[in-house]
**Q** 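I have a structure here, written as structure tokens, and I will follow up with some questions on it.
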Amino acid sequence: MVVTLATLTFERDGNTDGATACTKRVNMSSRALVGNVSEWLRQTVEMFDASQSVANVNIAVAKSAPKGATAVAYAVATKGAVARQLGVNRSGLDANNFDGKVGQLLAVPNGDGVVYAIGVGDPDSIDLAAVRTAAANFARATSKHAHLAINLADLGHLDAKAAGHAGAEGALLGSYRYVGLKNDESGASKLTDLTLIAGDKRTKGVQQGADRGAIVAGAAALSRELANTPPTYLNAKDIAVKAVEIGAATGLEVEVFNKDQLTQMGCGGMIGVNRGSTEPPRMIKLTYSPRTAKNAKVAHLAMVGKGVMYDSGGISLKPSNPSHVAMKMDMSGAASVLSAMSALKALKCKAKVTAWLMCTDNMPSGSALKLGDVLTMRNGKTVEIHNTDAEGRLVLADGLSLAVEDEPDGIVDIATLTGSALGALGTEIACLLGTNQDFVEQVKTSSADVDEPVWQLPMETKRYRKLLDSVVADMRNIGGPYGGTITAGIFLSEFTGDVPYAHLDIAGPMENAGDGGLQAKGASGFGTRLLIDLACNFTAPTDGASHTA
């Protein structure tokens with residue numbers, strides 16, 4: 001790992017704290033996240049890290065349930081044979097209102113522990129999403145058990161690697177529980193061992209898939225953990241330190257840029273949004289380079305993540321409501337990108353991937369950005385501010401401009417960007433827009449494969465670009481009361497040049513109101529698994545592919 005040491009310094013009222021503090025904190029346990037709102041509040045806080053609980057589970061594959069497993073699950077479809085180990089036949093299941101639909105669960109106590117029937121749906125159409133959901137619900141229902149086993153032997157029609165991946169990923173993410181600063185840690189997952197049961201000829205494939213599933217689940221859990229963390233304990237400086245730590249552990253090159261450097265680089269969006277905060281900004285560049293033959297050409301993907309660590313709305317102050325409380329999660333895009341990058345080496349991703357995390361607070365104060373102010377962005381374009389709560393696109397604009405300078409084959413950004421996206425598609429589907437349909441289709445394919453749903457909206461530049469016109473600058477940062485997700489995408493596309501570009505607005509699925517399937521209450525980590533799949537399967541978009549209008 002390569003770290004630009006000159007950038008690993010922290011400001012305090014315009015000065016630096018020094019690299020010594022950085023070094024000390026980089027060497028801290030990954031279970032610790034540091035909170036530093038002001039000097040008098042600065043302290044090292046030992047927080048329970050649920051993502052480590054997920055990452056540390058031992059996964060094995062066996063031909064039968066091990067004696068140590070105290071809860072064992074058997075897949076049951078809506079019709080067909082029922083595993084004899086359940087100790088109950090189809091009539092008995094029916095009598096308990098269990099018919100094998102996806103997500104159903106039935107506990108059957110026996111002398112050695114508990115066995116579970118887990119519904120996987122129609123046997124003629126069982127897919128990996130059903131396996132993930134069934135495994136997740138089982139793990140959630142058995143949170144007090146340390147050793148679980150899931151029987152995949154009766155799912156022989158599914159590819160062994162894929163089944164193993166889905167089973168492990170589902171169980172691990174279903175076990176995730178954020179604990180954070182609670183004194184009572186009893187709600188945390190007790191899971192330490194997971195055994196997947198497979199037939200003789202499928203054992204190796206299931207193990208290989210399970211190992212990959214564990215890596216992906218660990219990354220998604222990390223994304224949830226970061227987004228769930230209170231803003232006092234995870235500001236821009238802290239996530240930069242965390243990125244350095246993660247980079248050292250996962251083979252990434254890491255560069256951290258401070259406020260002075262961002263000013264020198266002409267990143268007017270970052271500096272403008274940060275003006276109202278006492279906490280300085282950080283921009284973090286992560287680079288993953290695959291092992292390839294010398295001079296071999298590889299596809300190059302760039303990712304840009306919105307990292308607004310806390311969003312008050314600035315001078316355009318948000319109302320004090322449940323939505324405002326969730327604004328510690330306005331850095332979910334950056335969390336997803338950082339977490340996705342952490343998995344690429346272990347998964348032997350074949351593409352080169354460069355990531356930019358644009359991290360700052362958006363606060364109101366005497367020095368905050370004003371309505372009517374004009375910012376000059378990294379690529380030289382000027383932007384008039386009509387709403388300081390439309391700040392995510394400002395920091396992303398600088399990140400996208402820098403990404404273009406690296407000449408990638410495609411750029412994807414991810415952000416909790418607009419309330420319009422939530423209004424349009426609700427809380428379970430992200431909005432997708434793009435300038436190159438070939439690239440957009442790659443994002444759609446990854447979305448379907450990992451079951452993180454997206455829906456494409458049109459990049460209607462010809463019709464709606466005029467809504468961003470400004471009297472005093474090249475453009476303004478909002479486009480009016482309607483079509484906000486589309487005009488935000490058009491705004492961002494002004495900073496991507498001719499590079500194929502896809503934009504993910506995850507404002508809707510950022511947070512879960514309750515437990516269900518793979519998801520746990522709180523931050524969802526949405527987009528992490530999608531980005532991992534996209535990177536691992538990325539190919540340079542077709543030259544001349546049709547651009548969306």
Side-chain angles (χ1 to χ4, degrees), residues 61-65 69 71-110 113-143 145 148-175 194-203 205-206 209-210 213 217 428-429 447-453 512 514-520 529:
V61 177
K63 299 175 185 177
S64 60
V72 183
Y74 294 90
V76 178
T78 54
K79 58 185 177 182
V82 175
R84 59 176 178 78
Q85 294 92 334
L86 276 173
V88 60
N89 57 22
R90 179 70 65 178
S91 297
L93 293 174
D94 290 341
N96 284 277
N97 297 316
F98 180 94
D99 56 15
K101 292 180 181 178
V102 175
Q104 285 188 320
L105 198 72
L106 179 67
V108 183
N110 63 22
V114 185
V115 292
Y116 281 80
I118 53 175
V120 291
D122 187 336
D124 298 324
S125 60
I126 295 172
D127 58 15
L128 298 176
V131 175
R132 279 193 292 260
T133 298
N137 287 343
F138 169 60
R140 181 175 295 108
T142 55
S143 60
H145 293 257
L148 305 179
I150 302 175
N151 183 14
L152 300 177
D154 295 332
L155 300 177
H157 68 289
L158 296 176
D159 176 77
K161 290 183 181 180
H165 184 133
E169 185 179 73
L172 293 176
L173 287 177
S175 74
L194 173 66
T195 301
L196 301 180
I197 304 167
D200 289 344
K201 297 181 180 180
R202 294 168 58 82
T203 302
V206 170
E428 296 189 27
I429 304 172
S447 163
D449 287 348
V450 304
D451 197 26
E452 289 191 325
N512 301 306
D515 297 336
L518 270 67
Q519 295 295 344
R529 296 185 302 118

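The first residue of the sequence shown is numbered 1, and numbering continues consecutively from there.
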**Q** Indicate yes or no for a side-chain donor-acceptor contact from Ser447 to the backbone of Glu452 under 3.5 Å, with no hydrogens or angles considered.
**A**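 Yes; at least one donor-acceptor contact below 3.5 Å.
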**Q** Report the distance from atom OG1 of Thr78 to atom CD1 of Ile126, rounding to the nearest 0.5 Å.
**A** 7.5 Å
**Q** Sort and list the pairs that fulfil ring pair (Phe, Tyr, Trp, His ring centres under 6.0 Å) and have at least one residue in residues 113-136, not counting sequence neighbours.
**A**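 Every pair satisfying ring pair (Phe, Tyr, Trp, His ring centres under 6.0 Å) with a residue in residues 113-136: Tyr116-Phe138.
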**Q** Side chains of Gln519 and Leu173, heavy atoms from C-beta outward: is any pair under 4.5 Å?
**A**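 Heavy-atom side-chain distance check fails, nothing below 4.5 Å.
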**Q** Is there a side-chain contact between Ile118 and Ile150, using heavy atoms and a 4.5 Å cut-off?
**A** yes
**Q** For Glu428 versus Pro453, what's the shortest heavy-atom pair and its separation?
**A** O-CG, 3.1 Å
**Q** Which atoms form the tightest heavy-atom contact between Ala139 and Ala171, and what is the distance?
**A** CB-O, 3.2 Å
**Q** I need the minimum non-hydrogen distance between Val82 and Val88, along with the two atoms involved.
**A** CG1-O, 3.6 Å
**Q** Supply the atom-to-atom distance Leu518 CG to Ser175 OG, rounded to the nearest 0.5 angstrom.
**A** 10.5 Å
**Q** Say you draw a straight line from CG of Asp94 to CG of Asn89; how long is it, rounded to the nearest 0.5 Å?
**A** 8.5 Å
**Q** Using modelled atom types only, decide if a donor and an acceptor are shared between the side chain of Thr203 and the backbone of Gly199 within a distance under 3.5 Å.
**A** yes
**Q** Indicate the atoms forming the closest heavy-atom contact of Ala198 with Val206, along with that distance.
**A**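 Reported closest heavy-atom pair: CB-CG2, 3.7 Å.
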**Q** Restricting to pairs with a member in residues 71-98, which pass ring pair (Phe, Tyr, Trp, His ring centres under 6.0 Å), not counting sequence neighbours?
**A**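 Sorted result for residues 71-98: empty, none.
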**Q** What distance separates Asp99 CG from Arg90 CZ, expressed to the nearest 0.5 Å?
**A** 8.5 Å
**Q** Which pair of heavy atoms, one from Ala136 and one from Gly517, lies closest together, and at what distance?
**A** CB-O, 3.2 Å
**Q** Can you sort out the partners of Glu169 under salt bridge (Lys or Arg N to Asp or Glu O under 4.0 Å), two or more places apart, ordered by chain and number?
**A**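 Counting only residues at least two positions away or on another chain, Glu169 forms a salt bridge (Lys or Arg N to Asp or Glu O under 4.0 Å) with Arg132, Arg529.
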**Q** Rounded to the nearest 0.5 Å, what separates atom OG1 in Thr142 from atom CG in Leu148?
**A**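 Here the rounded value is 4.0 Å.
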**Q** Quickly, which of Ile197, Val114, Val108, Leu86 forms a side-chain contact (heavy atoms from CB on, under 4.5 Å) with Val72? Name it, please.
**A** Ile197
**Q** Mind checking the OG1-CG spacing from Thr195 to Asn151? Nearest 0.5 Å is all I need.
**A**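 With rounding to 0.5 Å, OG1 (Thr195) is 11.5 Å from CG (Asn151).
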**Q** May I ask you to test the Asn97-Gln104 pair for a side-chain heavy-atom distance under 4.5 Å?
**A**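 Side-chain contact under 4.5 Å: no.
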**Q** Mind checking whether Arg140 and Asp515 have side chains closer than 4.5 Å, heavy atoms only?
**A** yes
**Q** Donor-acceptor pair, distance only, cut-off 3.5 Å: does the side chain of Thr133 make one with the backbone of Ala130?
**A**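 No; judged by distance alone, with no hydrogens or angles, the pair does not exist.
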**Q** Are there over 12 heavy-atom neighbours, none belonging to Gln85, within less than 6.0 Å of that residue's CD?
**A** yes
